[in-house]
Each structure stands twice: as C-alpha cells, then as structure tokens.
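Below: one structure, written as structure tokens.
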There are 2 protein chains.
Amino acid sequence: MQPNKRPTQANKRPTRDVIVHAAAKLFRGIGIRDVSLDMVAAEAGLTKRTIYYHFRSKDEIIAAYLEARDMPNLETFKQWFDATEGTLADKVEGIFRHLAVAAHHPKWKGCGFLRTTVELVKTPGHPAMEIARAHKKRVEDWLAVELTAGGLAAESETLARQILLLLDGAFSTVLLNRDPSYMETAGLAAANLVRHALASRA
Amino acid sequence: MQPNKRPTQANKRPTRDVIVHAAAKLFRGIGIRDVSLDMVAAEAGLTKRTIYYHFRSKDEIIAAYLEARDMPNLETFKQWFDATEGTLADKVEGIFRHLAVAAHHPKWKGCGFLRTTVELVKTPGHPAMEIARAHKKRVEDWLAVELTAGGLAAESETLARQILLLLDGAFSTVLLNRDPSYMETAGLAAANLVRHALASRA
DNA sequence: TTGAGTACATTCACTAGTGAGTATACAATG
DNA sequence: CATTGTATACTCACTAGTGAATGTACTCAA
C-alpha cells in the first residue's frame with residue numbers, strides 16, 4: 001500500500017507527500033497556472049528533476065492535489081452541518097455561515113475545485129476536472145441524503161443541487177467582490193428553499 | 001470621441017476595434033491566459049507591434065474586451081426577461097431558460113466576466129476585475145428594479161443578489177459538468193424564491 | 001563483518017518552446 | 001516633410017520537461 005517508501009526508513013515523510021503538500025500550499029495561495037514546478041521544487045526543498053521522478057507531469061500533481069482535498073473538504077462540510085443546532089434549514093445555512101467566517105481570512109481564495117475547473121477549461125478531458133466533478137457530486141449526494149433523512153425524500157435531489165448551485169455561486173461572487181456577506185445571503189436563500197419545501201409538503 | 005481615427009479615412013474600421021474584436025473572439029473561445037497577443041495579431045491580420053501601438057499592454061486589451069461586453073450582456077438579459085410571458089417569477093426563470101439554450105452550444109464557455117475573474121485572481125487590483133464587478137452590480141441593480149416594480153420593494157435587494165448568486169453558480173456548475181440542465185435547476189430555485197417572497201407578502 | 005552489487009532517489013545542467021514587450025526602420029497621408 | 005501607423009526582427013524572462021551522472025541504503029556472498 002505504500003510502494004514509494006522503504007520499510008527501514010519509515011520515519012521519513014514520503015517525498016510524494018512533501019511535493020503534493022508544497023504544491024497544495026502554492027496552488028491555494030497563488031493559483032495553479034501561476035505556480036511553476038520550479039516554485040514547487042523550491043517550496044518542497046527539492047529539485048525539479050526529483051519531482052519528475054515521482055510524477056509524470058504537472059497535470060498529475062494537480063490531480064493529486066485535488067484528490068488529497070476531496071474527502072477532507074466533504075468532512076468539513078459535514079462537521080459544520082452537524083455542529084449547527086436547529087432545523088434542517090438551519091443546519092444547511094450553518095454551512096454557509098461557517099464558510100463566511102472562513103472567507104473573511106485575507107488569504108481565502110475560494111473553492112479550489114472550482115478555481116481549478118476554470119483554470120483548466122481549455123482542456124476538457126483533464127483528469128483534475130474529473131476529480132473536481134466527482135467531489136461536487138459527492139457533496140451533492142451527501143446533501144441529498146441529509147435532506148431525505150429530514151423528510152424531503154421527493155425533492156431531495158433537486159434541492160441538493162440548488163444548494164450546491166448557491167454554494168458555487170457564492171464562492172465565485174465572494175471572490176469577485178471580496179465581500180463574505182454574499183456567502184450569508186446565499187445561505188439565507190438555501191435555508192429558504194429548504195423551509196419552503198418542508199412547508200409545502202402536505 | 002474617436003481620437004484614434006482620422007476623419008479622412010472614416011470608411012475604414014478603426015484598428016482599435018479590429019483588435020478588440022479579434023481578441024474577444026479568441027478570449028471567448030479559448031480563454032484569456034491561453035491567448036497570446038501573437039494569436040490576436042494573427043486573428044486581426046496585424047502585427048503585434050501594431051497592437052502595442054494602440055494598447056499599452058495585454059491587460060488593457062482584456063479590460064477593453066470586458067468593457068465592450070458590459071452593456072450588450074445586460075441588454076440580452078433584459079430582452080430575455082421581457083420576452084418571457086407570465087408572472088414575475090416566470091420572467092426571472094426565463095433568463096435561465098434562455099441561458100440553458102445558449103449553454104447547449106458546444107463552444108459555450110460560461111460567463112466571460114466570471115472566467116476573467118478567476119483567471120486573474122492573482123492580481124486583485126486588475127482593472128478588468130473592476131469592470132467585471134461593475135457589470136455584475138449593474139445586472140443586480142436592474143433585477144432589483146424589476147423586483148421592486150413587481151411588488152417586492154422590501155426584499156428586492158436581497159432577492160436580486162440571490163438570483164445572481166444562482167446565476168453565477170449555474171455558470172460555474174454547467175461549465176464543470178458540461179450539463180446545461182443545471183441552468184434550469186437554478187432557474188427553478190430562482191423562480192421559487194420569487195414566488196415565495198410574493199406569497200409571504202401579506 | 002565487510003565489501004561489491006543493485007534498486008531507488010536525487011542532483012546539475014540543459015533543451016526547446018513560448019510569451020510579453022521593444023528598437024528601429026519603413027510607408028502613407030496631408 | 002512631419003505626423004501617424006504598420007512591419008521586421010529582435011530581447012528577455014520564464015516554463016515544462018529531460019539526459020546523464022551521482023548519491024544512498026539496503027542485500028547478500030565471502
């Protein structure tokens with residue numbers, strides 16, 4: 001399961017992880033296109049050639065970066081949802097509230113998956129796109145399950161999509177306007193949609 | 001008002017326009033970062049040096065490109081809104097429906113303003129960002145006016161933002177999933193928000 | 001226990017290509 | 001003949017990716 005590490009030097013951090021970690025830091029802070037592998041190498045304290053020993057291309061590193069963020073991201077959403085007291089609508093809104101707080105950080109740069117998508121539109125078949133798509137789908141599916149559990153089985157899929165639509169819209173808009181309050185406005189809309197769906201269930 | 005054109009050769013299309021037009025075509029189809037000024041020059045049938053005679057930098061061309069799209073874009077939205085029969089909610093949804101149709105085109109590449117924003121995150125002070133921001137604001141303001149006219153004065157601003165949030169979310173999501181149906185789902189949510197706002201007005 | 005062998009890991013120095021922006025010369029127009 | 005505009009032919013910086021050599025750690029035979 002860990003073919004890149006010799007058992008006898010188990011204490012050392014695998015180089016692959018060091019590279020992905022360094023790349024992630026730069027990608028998050030600067031962007032993907034604007035980060036050269038020379039920069040990643042410098043950040044990781046390695047040579048570019050070493051990077052190319054562990055990865056076949058920059059694209060492969062981008063994919064590894066997103067993949068590493070997939071589950072943790074979803075877990076964060078789940079945590080925020082669970083940690084919010086109140087109705088189903090309140091819990092959904094809780095996700096947006098927590099995001100609004102995160103967005104206040106000056107270094108906040110939106111959703112890594114979304115940004116990657118836009119940075120890579122020119123190559124529709126890019127593996128990273130697939131990972132981003134899968135991630136969004138995972139979040140959507142999880143939301144649908146929660147909505148179903150909350151008594152909205154019939155409209156759970158549509159509603160989950162609409163919440164995600166609001167989420168992604170907020171990511172973009174907050175980035176454009178540098179104003180986290182849009183995140184709260186989006187949360188309000190999401191909560192309203194949930195509330196009205198529950199109310200109209202007769 | 002047209003300092004770059006000599007009166008005596010008034011029949012000739014001003015070179016500035018030729019350049020912006022060529023750039024726009026390439027930016028729309030390929031992206032901003034991925035279009036070099038060599039490509040723009042080739043498309044315009046000019047030399048790069050000529051471009052630099054009329055513009056000081058690539059950034060200036062990007063800004064001119066967005067600026068040229070500002071009003072026409074808004075006009076299109078207005079047209080779609082007006083052309084849709086039905087209630088206020090229906091008209092709002094109409095915008096999304098028309099966009100869904102446009103998004104079916106294989107060469108559709110989302111909202112130019114939004115894409116530009118993401119492509120330029122690294123330079124927060126970029127003039128093009130300001131133009132994009134202003135454009136979104138213009139659309140939002142127009143929507144708020146329509147909502148107010150439709151009897152939703154109190155919540156028009158919040159609602160207009162939420163509609164825009166859904167719109168931008170749909171732009172991103174459709175681009176990611178290459179599935180225009182998300183645009184319709186977003187339209188449904190927008191229409192619902194409007195409907196419920198009208199219903200709860202007692 | 002030691003020393004040669006070997007597979008993995010890393011480095012230095014490089015190629016080939018691209019892109020923004022420019023120095024300078026040339027053409028047309030009034 | 002001077003102003004405006006266009007073209008040729010560059011510079012300079014940077015980037016993805018590579019060739020070939022070097023280093024390191026563990027293995028196994030003697």
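It should be emphasised that the depicted structure is a prediction, and the values quoted were computed from it without experimental measurement. Numbers restart at 1 for each chain; the letters A, B, ... are given by sequence-line order, proteins then strands.
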Of all pairs that satisfy salt bridge (Lys or Arg N to Asp or Glu O under 4.0 Å), the ones with a partner from residues 53-65 of chain B, not counting sequence neighbours: none

So the salt bridge (Lys or Arg N to Asp or Glu O under 4.0 Å) pairs with at least one residue in residues 139-161 of chain A (sequence neighbours excluded) are Lys137(A)-Asp141(A), Glu140(A)-Arg161(A)

With a 4.0 Å limit, can you tell me whether Thr15(A) has a side-chain N or O closer than that to the phosphate oxygens OP1/OP2 of dA9(C)? no

Identify which nucleotide among dA7(D), dT10(C), dT11(C) has an atom closest to any side-chain atom of Thr47(A), counting heavy atoms from C-beta outward. dT11(C)

List, with names and distances, any nitrogen or oxygen atoms from the protein found under 3.5 Å away from nitrogen or oxygen atoms belonging to nucleotides 19-22 of chain C.
| residue | atom | partner | partner atom | Å |
| --- | --- | --- | --- | --- |
| dA20(C) | OP1 | Lys58(B) | NZ | 2.9 |
| dA20(C) | OP2 | Leu37(B) | N | 2.9 |
| dA20(C) | N7 | Lys48(B) | NZ | 3.1 |
| dG21(C) | OP2 | Tyr52(B) | OH | 2.7 |
| dG21(C) | OP2 | Lys58(B) | N | 3.1 |
| dG21(C) | O5' | Tyr52(B) | OH | 3.4 |
| dG21(C) | N7 | Lys48(B) | NZ | 3.1 |
| dG21(C) | O6 | Lys48(B) | NZ | 2.7 |

Scan for ring-ring contact (aromatic ring centres under 6.0 Å, His included) pairs involving residues 16-53 of chain A, sequence neighbours excluded, and state none if there are none. Phe27(A)-Tyr65(A)

Residues in contact with DNA chain D, drawn from residues 61-69 of chain A - heavy-atom cutoff 4.0 Å: none

Across all chains, not counting sequence neighbours, the ring-ring contact (aromatic ring centres under 6.0 Å, His included) partners of Phe113(B) are His135(B)

Under the side-chain contact (heavy atoms from CB on, under 4.5 Å) test, which residues partner Ala103(B), sequence neighbours left out? Trp108(B), Val174(B), Pro180(B)

Under the side-chain contact (heavy atoms from CB on, under 4.5 Å) test, which residues partner Thr173(B), sequence neighbours left out? Leu165(A), Asp168(A), Asn177(B), Tyr182(B)

Non-neighbouring partners of Arg28(A) that pass salt bridge (Lys or Arg N to Asp or Glu O under 4.0 Å), sequence neighbours left out: none

Take the protein atom [atom1] of [X] and the nucleotide atom [atom2] of [N], then report the distance between them rounded to whole Å.
| X | N | atom1 | atom2 | answer |
| --- | --- | --- | --- | --- |
| His54(A) | dT11(C) | NE2 | C1' | 12 Å |
| Tyr53(A) | dT22(D) | OH | P | 18 Å |
| Arg16(B) | dT4(D) | CZ | P | 16 Å |

Is the closest side-chain donor-acceptor distance between Asp90(B) and Thr87(B) under 3.5 Å? yes

